[in-house]
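Below is one structure; the comments refer to it alone.
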Amino acid sequence: VCSSDLRENIDDVRFIGNRSSGKQGRAIAEVALSRGADVTVIAANSVEVAGAKNVVVQNTAELEEALNQNFNECNVLIMSAAVSDAKPKLSVSGKIKKQNFTEIELETNPDLLKNIAKSKRNQLIVGFAAESENVFAQGMRKISAKNLDILYANDIANGAIFGSDFTTGHLIWNESG
């Protein structure tokens, strides 16, 4: 289970992130453990899950490395991680002074879920998507484009789900795979 609130550092004080709390991933890990599964949780900035092997990462590059190290050992990858689409091209040591903080040049992060799915053998891969409009259609597009087996498309319209115990969305199965 990957459940992350990844942070892409701008400097030692600021970062690019998102509102993901990691609650969905933790809940899934806890249920899997209660049913007797061996669980590895790869997460950032969230509480470790008792009974699981916990791997702590900070950013997308570290998550990618942890995924690559652990993927061959898993039967099911549940990727509820909120990976940033972009990161600062340069991260500065120390703090950028306010008067010098005028722009941030970004570069695209790799699509970790799509990339790891290319190397799957017999693993089941479950992905999550946060969508604010055309939730089902976007979920259908993503399950196919990323070669996933199952996708949960979260409806995040108006800030719904972030930090909540409840969510709404669509659970979509890949009928072609």
Side-chain angles (χ1 to χ4, degrees), residues 1-8 15-85 109 111-117 120 122-136 138-143 145-174 177:
V1 176
C2 288
S3 173
S4 306
D5 172 18
L6 298 172
R7 297 177 179 182
E8 302 293 346
F15 61 87
I16 295 174
N18 58 58
R19 296 180 182 196
S20 174
S21 65
K23 286 179 102 171
Q24 281 185 332
R26 274 194 311 281
I28 292 166
E30 289 167 355
V31 168
L33 284 164
S34 75
R35 294 182 180 212
D38 291 326
V39 176
T40 298
V41 176
I42 304 171
N45 304 303
S46 58
V47 177
E48 292 187 357
V49 177
K53 172 185 171 189
N54 290 278
V55 178
V56 178
V57 298
Q58 298 301 313
N59 56 41
T60 304
E62 290 179 11
L63 176 58
E64 181 175 38
E65 184 179 331
L67 276 171
N68 289 333
Q69 289 175 352
N70 290 278
F71 185 65
N72 287 333
E73 305 302 316
C74 80
N75 296 317
V76 179
L77 171 63
I78 301 174
M79 185 75 163
S80 61
V83 179
S84 296
D85 293 327
N109 266 326
D111 186 329
L112 301 186
L113 187 54
K114 182 176 181 178
N115 291 346
I116 202 78
K120 78 175 177 177
N122 295 319
Q123 292 103 329
L124 178 76
I125 300 181
V126 180
F128 287 71
E131 299 294 342
S132 59
E133 54 189 44
N134 302 317
V135 177
F136 184 76
Q138 290 296 329
M140 290 296 291
R141 182 187 63 75
K142 285 184 177 180
I143 196 170
K146 295 181 186 244
N147 191 29
L148 308 178
D149 299 294
I150 301 170
L151 181 113
Y152 183 68
N154 283 294
D155 185 347
I156 61 151
N158 302 314
I161 81 155
F162 296 113
S164 175
D165 289 336
F166 302 97
T167 180
T168 60
H170 300 275
L171 190 58
I172 304 167
W173 275 260
N174 187 341

Exercise for review: Determine the sole option in I42, L151, I125, L63 for which the side-chain contact (heavy atoms from CB on, under 4.5 Å) test with M79 is passed.
Suggested key: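 By the side-chain contact (heavy atoms from CB on, under 4.5 Å) criterion, M79 pairs with just one of I42, L151, I125, L63: L63.
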
If you measure from [atom1] on [X] to [atom2] on [Y], what distance do you get to the nearest 0.5 Å?
X: L67; Y: E62; atom1: CG; atom2: CD; value: 12.0 Å
X: D155; Y: N134; atom1: CG; atom2: CG; value: 10.5 Å
X: L77; Y: L124; atom1: CG; atom2: CG; value: 9.0 Å

Non-hydrogen atoms of [X] and [Y] that approach each other most closely:
X: I78; Y: I28; value: CD1-CG2, 3.4 Å
X: L113; Y: G127; value: CD2-CA, 3.7 Å
X: G25; Y: S80; value: CA-OG, 3.3 Å
X: A157; Y: S132; value: CB-O, 3.9 Å

Exercise for review: Give a yes or no on whether the backbone of T60 and the side-chain of E8 come within a donor-acceptor separation of less than 3.5 Å.
Suggested key: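 Yes, E8 side chain to T60 backbone: donor-acceptor pair under 3.5 Å.
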
Check your understanding: Do D149 and K120 come close enough that some side-chain heavy atom pair is under 4.5 Å?
Key ->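 Heavy-atom side-chain distance check passes, below 4.5 Å.
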
Check your understanding: Does a side-chain heavy-atom distance below 4.5 Å link T40 with E73?
Key ->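 Answer no - side chains too far apart.
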
Can you list the residues that meet the side chain to side chain donor-acceptor pair (under 3.5 Å) rule with [X], with sequence neighbours excluded?
X: N75; result: none
X: N147; result: none
X: S84; result: none
X: Q138; result: R141

Exercise for review: Using side-chain contact (heavy atoms from CB on, under 4.5 Å) as the criterion, list what pairs up with Y152, not counting sequence neighbours.
Suggested key: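 In terms of side-chain contact (heavy atoms from CB on, under 4.5 Å), with neighbours along the sequence ignored, Y152 is linked to Q24, F128, N154, T167, L171.
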
**Study point:** Residues in side-chain contact (heavy atoms from CB on, under 4.5 Å) contact with A61, at least two apart in sequence or another chain
**Key:**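 Per chain and number, A61 pairs via side-chain contact (heavy atoms from CB on, under 4.5 Å) with N59.
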
Point to revise | Heavy atoms of other groups near N68 CG, more than 12 under 6.0 Å | key: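 Enclosed: over 12 neighbouring heavy atoms sit under 6.0 Å from CG of N68.
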
List, one per line, each side-chain donor-acceptor pair under 3.5 Å for residues 49-58, sequence neighbours excluded.
from	atom 1	to	atom 2	distance (Å)
K53	NZ	N70	OD1	3.1
N54	OD1	V49	N	3.0
N54	ND2	V49	O	3.0
N54	ND2	A52	O	3.0

Exercise for review: Kindly write out the residues that satisfy salt bridge (Lys or Arg N to Asp or Glu O under 4.0 Å) with E131, not counting sequence neighbours, or none if the list is empty.
Suggested key: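 By the salt bridge (Lys or Arg N to Asp or Glu O under 4.0 Å) rule, E131 matches K142.
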
Review point. Which residues pass the salt bridge (Lys or Arg N to Asp or Glu O under 4.0 Å) test with D38, sequence neighbours left out?
Key: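 For D38 there are no salt bridge (Lys or Arg N to Asp or Glu O under 4.0 Å) partners, ignoring immediate neighbours.
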
Exercise for review: List the steps, then state whether side chain to side chain contact (heavy atoms under 4.5 Å, CB included) holds for L148 with N174.
Suggested key: CA-CA 7 Å; L148 308 178; N174 187 341; 5.7 Å; no

